[in-house]
Amino acid sequence: MKGFIIDATYKILNDRAYVCLFGRSEEGESFLTLNYFRPYFFIKENDFMKALKIENFEFEKTDLKTFAEKKVRKILLDIPSDIPKLKRIFEKEDIQTYESDIVYARRFLIDNKIQGGIEVKGEFDYEDDVRVYKEPEIKQADVKVNLKILSIDIETNPKATKIYSISLADKDWGKVLILSDKKLKKAESFKDEEDLLERFFELVKERDPDILTGWNVINFDLKVIKNRCKKLHIPFMLGKTNKESKLNVKNNFFQTSKAQAEGRQVIDMLDWIRDTTKLDDYKLETAGQHFAKEGKLLKGSKRFNQIEEYFHKDPQKLVNYNLQDAVLVLKILEESNVLPLYIKRSKLTGLMLDQVKGSIASLDSIYLKKLRDRKYVAPSVVHAEREARIMGGYVMQSKPGIYENIVILDFKSLYPSLMRTFNIDPLMFGKKGIKAPNGATFSKDIGIMPEILQELWEVRDEYRKKKDEVGRYAIKILMNSFFGVLASPMCRFYSFEMAGSITAFAQFFIKKTAELIKKEGFEVIYSDTDSCFVIAEKNPEKVGKKLEKDINKILKDFVSKEYGIESYLELEFEKVYSKFIMPKLRGKEKGAKKRYAGLVNGKLYITGMEAVRGDWTPLAKKFQEELLMKVFSKKKVAPFVQDFIKNLRKGKFDDLLVYKKSLRKPLEEYTKITPPHVKAARMIKDFEGKVVRYVYTDKGVEPAELTKGKYDYDHYINKQIKPLAESVLVFFDIDFKELLSGQKSLFSF
């Protein structure tokens with residue numbers, strides 16, 4: 001039997017620990033494997049006798065060693081919770097432990113080199129339609145994945161102290177459980193919450209999903225359900241077993257809430273979409289319209305009053321509304337393609353679907369498998385303080401101006417390429433062979449990180465041939481995360497010097513590339529971390545291709561001659577901006593960094609400027625885009641600015657004046673200062689969500705939905721139009737104030 005692992009956990013039977021792998025077979029059956037597996041960690045051989053005097057334990061001799069080439073012994077325990085206890089005892093006596101922080105079930109998967117899919121051989125019995133294997137033979141397998149997904153949504157009274165209805169929907173089924181005495185379509189009616197909740201848990205078990213999902217499902221729906229269960233003395237059991245489910249709700253904006261339902265994954269679709277897609281806000285309505293071209297049946301803050309009315313007077317409408325919310329989440333899941341992305345990330349890393357966003361855990365899972373093949377053990381995580389800020393990428397001071405034919409040359413996957421080329425790897429760090437510009441050294445013996453990157457490169461090339469963009473994106477995310485992981489004190493391989501070597505090499509090579517381009521006779525007006533912006537007055541396509549070929553050969557020869565190794569650096573001719581603007585810093589002659597715009601095949605592209613920033617209004621976006629197109633088409637800019645402001649004052653752009661800004665903490669925590677968006681949010685009764693929409697009127701800041709005053713056009717002219725206009729007018733020697741007052745002849749420009 002082959003299948004995909006949904007959940008990895010463990011249970012204690014007769015004082016022995018067993019790893020439990022829950023999954024879905026390729027044939028669509030639920031399965032569970034149980035394997036006896038002893039928790040363990042390592043200590044150095046020369047600490048062994050000291051450790052024995054402190055505590056009794058079982059051990060094994062090994063042929064493994066630390067990064068410092070010290071031999072280690074394996075300490076064997078009976079249950080996972082024994083590990084942190086013994087670790088603390090040893091650390092008090094200055095006995096260092098190795099790999100003592102690895103989660104028990106993940107340790108089993110790492111040791112068996114399992115990544116997402118498994119092949120299971122052995123006897124099995126059925127328990128509640130689940131295939132249960134005891135002590136089967138398990139090995140890694142590439143499998144087809146077809147998961148069962150159940151979406152849920154609840155409706156409550158205004159204070160969420162009573163559940164009115166719960167909707168459940170999967171691929172080909174949907175139902176609403178509602179407090180009602182009427183017979184309703186697509187619904188079951190109940191006289192009280194106890195019966196409704198008990199039926200809810202029955203249906204979850206019957207539909208047997210691998211993934212339980214919804215929109216803000218943990219922070220709201222499941223939190224409310226759990227609270228009601230506690231009040232009504234009903235077991236809160238969402239999993240495949242009779243184990244009580246757990247919620248870990250985070251009330252701050254920087255941590256993700258988690259839910260544990262043994263044998264299943266609880267995934268908040270809001271989190272997945274927020275991590276993969278840029279939207280104006282992350283309300284279900286917004287995401288539904290973006291992906292599925294449909295939304296909720298009730299919209300806006302007034303829907304709570306309508307829900308109350310539906311519940312008391314027209315429960316069928318409440319059923320329809322409630323079910324649509326659950327179905328809409330499934331449509332977003334389907335259209336967004338996030339599930340295939342997360343499945344591929346699970347297969348790449350061996351982590352469960354709710355864990356794959358963890359960059360440190362991803363590296364651990366991949367790296368430790370290969371580390372053991374080399375007969376080494378890894379250090380345990382030590383929560384160190386960051387020594388200092390890691391050197392960033394090199395950003396050249398730009399040469400401001402309006403240009404034509406700007407060629408962009410870009411290093412493909414620069415940081416991963418540098419890690420492959422210069423063998424930047426925890427195991428090879430500190431050994432003689434290759435010296436980085438910051439002084440860090442690495443052996444020339446191929447390290448584990450370059451080996452991992454090589455394999456990922458090959459898989460990415462296979463995905464490219466198959467035109468599998470989801471797979472390519474999954475690998476891109478993973479490879480690009482490795483630098484950040486090595487630079488994090490939370491990583492077991494953290495080294496300020498090692499992480500700094502990557503950025504030091506990056507700075508060196510982007511500067512060298514700019515110098516080589518100048519030697520070829522071309523001017524570089526800007527370079528940014530991994531890109532060079534080059535003026536090519538004639539035949540820009542031809543220039544770009546020639547520079548790509550010539551510079552790559554020079555760099556390859558340089559790396560070979562200077563370091564005696566092969567270069568994996570690859571400079572690509574990316575595109576040509578036929579028209580291009582590099583603005584100045586406001587009020588200065590120096591050029592801005594990471595802010596520019598241009599035309600590629602007639603289409604406007606903007607980077608870092610106000611039109612693409614979420615904290616500026618749609619008015620700013622419209623003005624800047626139209627102004628830039630005037631510049632690039634060589635039309636007069638002064639009359640355009642004048643006319644735009646006249647139309648603004650006439651009210652023609654009133655629908656574009658809304659600011660949007662996210663709260664970074666709960667409203668009540670803003671005590672020292674009150675920013676405009678916080679002030680606006682506090683004017684809204686029972687404000688929900690994180691994104692605040694507000695405008696400026698003659699009454700000051702007001703919520704966009706509750707505007708009473710007249711729009712303050714002077715605010716928008718001075719704060720939105722003026723800075724954008726001045727960034728362009730400076731190149732035409734036009735003063736914005738004079739332009740508005742008519743003191744200068746406008747039509748000469």
Side-chain angles (χ1 to χ4, degrees), residues 1-10 18-26 31-35 37 39-40 80 99 101-120 136-145 147 210-211 258 260 263-265 267 339-374 376-378 381 426 448-449 451-460 462-463 470-471 473-482 485 490-493:
M1 187 274 298
K2 287 184 177 181
F4 183 76
I5 301 169
I6 306 300
D7 188 27
T9 182
Y10 72 92
Y18 290 80
V19 173
C20 305
L21 303 181
F22 293 88
R24 180 74 59 185
S25 74
E26 289 185 325
F31 70 83
L32 165 64
T33 65
L34 289 157
N35 286 86
F37 180 68
Y40 68 86
E99 300 188 8
D101 59 312
I102 299 170
V103 178
Y104 172 68
R106 191 179 298 165
R107 169 89 274 171
F108 177 82
L109 295 173
I110 290 170
D111 286 6
N112 287 279
K113 298 187 177 180
I114 292 169
Q115 299 197 182
I118 55 172
E119 183 177 351
V120 183
E137 180 188 333
I138 293 175
K139 65 178 182 180
Q140 166 66 20
D142 188 24
V143 299
K144 293 176 184 175
V145 183
L147 304 181
D210 302 308
I211 295 176
K258 294 273 188 183
Q260 289 180 324
R264 311 189 203 284
Q265 289 286 325
I267 302 294
L339 182 57
L341 172 65
Y342 278 74
I343 287 171
K344 286 194 186 294
R345 290 177 72 177
S346 178
K347 286 183 171 184
L348 286 167
T349 62
L351 299 176
M352 301 301 103
L353 289 171
D354 70 334
Q355 300 167 344
V356 294
K357 291 190 297 181
S359 301
I360 292 172
S362 295
L363 178 62
D364 257 8
S365 186
I366 299 169
Y367 196 97
L368 293 176
K369 293 182 182 93
K370 292 185 174 294
L371 185 65
R372 191 66 81 250
D373 289 342
R374 301 207 187 191
Y376 284 91
V377 299
V381 175
I448 294 172
M449 192 70 83
E451 185 184 325
I452 291 168
L453 289 167
Q454 170 66 28
E455 290 173 3
L456 290 173
W457 237 279
E458 290 169 2
V459 175
R460 189 173 69 171
E462 285 176 27
Y463 285 149
V470 173
Y473 183 59
I475 287 178
K476 180 182 176 181
I477 293 170
L478 185 59
M479 289 201 304
N480 288 340
S481 73
F482 289 155
V485 168
M490 303 298 287
C491 175
R492 71 180 70 251
F493 304 119

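Sequence positions, counted from 1, serve as the residue numbers for this chain.
- At a threshold of 4.5 Å between non-hydrogen side-chain atoms, the residues V381 and I360 do not count as touching.
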query = How far apart are the C-alpha atoms of L339 and I267, what are their side-chain angles, what is the distance that settles it, and do they pass the side chain to side chain contact (heavy atoms under 4.5 Å, CB included) test?
reply = CA-CA 10 Å; L339 182 57; I267 302 294; over 6 Å; no

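- The existence of a salt bridge linking K347 and D142 is confirmed by a sub-4.0 Å separation between a basic side-chain nitrogen and an acidic carboxylate oxygen.
- Between the side chain of S25 and the backbone N or O of K2 there is no donor-acceptor pair closer than 3.5 Å.
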inquiry  = Determine whether E99 and L368 satisfy the following criterion, side chain to side chain contact (heavy atoms under 4.5 Å, CB included), listing intermediate values before the conclusion.
reply    = CA-CA 9 Å; E99 300 188 8; L368 293 176; 4.1 Å; yes

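- The CD1 atom of I114 sits 14.0 Å away from atom CZ of R106, with the distance rounded to the nearest 0.5 Å.
- To the nearest 0.5 angstrom, M449 atom CE is 9.0 Å from I366 atom CD1.
- For the pair L34 and C20, the tightest heavy-atom approach, listed with the atom from each and the gap, is CD2-SG, 3.4 Å.
- Counting only distance, with no hydrogens or angles, the side chain of Q140 and the backbone of Q115 share a donor-acceptor pair below 3.5 Å.
- The CD atom of E462 sits 7.5 Å away from atom CD of E458, with the distance rounded to the nearest 0.5 Å.
- A donor-acceptor pair is defined here as one N or O able to donate and one able to accept, closer than 3.5 Å; such a pair exists between the side chain of S365 and the backbone of T349.
- Annotation for A474 and K344: closest pair CB-CB, 4.1 Å, computed over non-hydrogen atoms.
- Contact record, L456 with M479: CD1-CG, 3.7 Å, taken as the closest heavy-atom pair.
- For the pair L353 and D210, the minimum side-chain heavy-atom distance is 4.5 Å or more.
- Here the shortest heavy-atom pairing between G117 and V143 reads CA-CG2, 3.7 Å.
- The side-chain heavy atoms of Q265 and D7, taken from C-beta on, include a pair separated by under 4.5 Å.
- A 4.5 Å side-chain heavy-atom check between L109 and L21 finds at least one atom pair inside the cut-off.
- The minimum heavy-atom distance between K144 and E26, with the atom names listed, is N-OE2, 2.8 Å.
- The pair R492-D101 meets the salt-bridge criterion, with a side-chain N (NZ, NE, NH1 or NH2) lying under 4.0 Å from an Asp/Glu carboxylate O.
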request  = Take Y463 and V470, measure what side chain to side chain contact (heavy atoms under 4.5 Å, CB included) needs, and give me the verdict at the end.
outcome  = CA-CA 9 Å; Y463 285 149; V470 173; over 6 Å; no

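- Relative orientation of the F108 and F37 rings is perpendicular, given thresholds of 30° and 60° on the angle between their planes.
- Taking CD1 of I6 as the reference point, atom CG of L32 lies at 12.5 Å (rounded to 0.5 Å).
- Using a 4.5 Å cut-off on side-chain heavy atoms (C-beta onward), V377 and L371 make no contact.
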inquiry  = side chain to side chain contact (heavy atoms under 4.5 Å, CB included), that's the test. Do L363 and S481 meet it? Break it down for me.
reply    = CA-CA 9 Å; L363 178 62; S481 73; over 6 Å; no

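- Using a 4.5 Å cut-off on side-chain heavy atoms (C-beta onward), N112 and I138 make no contact.
- The shortest heavy-atom contact between P39 and P80 is CG-N, 3.6 Å.
- Between the OG atom of S362 and the CG atom of L348 there is a distance of 9.0 Å, given to the nearest 0.5 Å.
- Figure legend: R345 and Y342 shown as a cation-pi pair, the cationic atom lying under 6.0 angstrom from the six-membered ring centre and within 45 degrees of its axis.
- Side-chain atoms of V485 and Y367, non-hydrogen and from C-beta on, never get closer than 4.5 Å to each other.
- Using a 4.5 Å heavy-atom threshold, the side chains of I448 and D373 count as separate.
- A salt bridge (charged side-chain N to carboxylate O under 4.0 Å, His left out) with E455 holds for exactly one of K370, R460, K369; it is K370.
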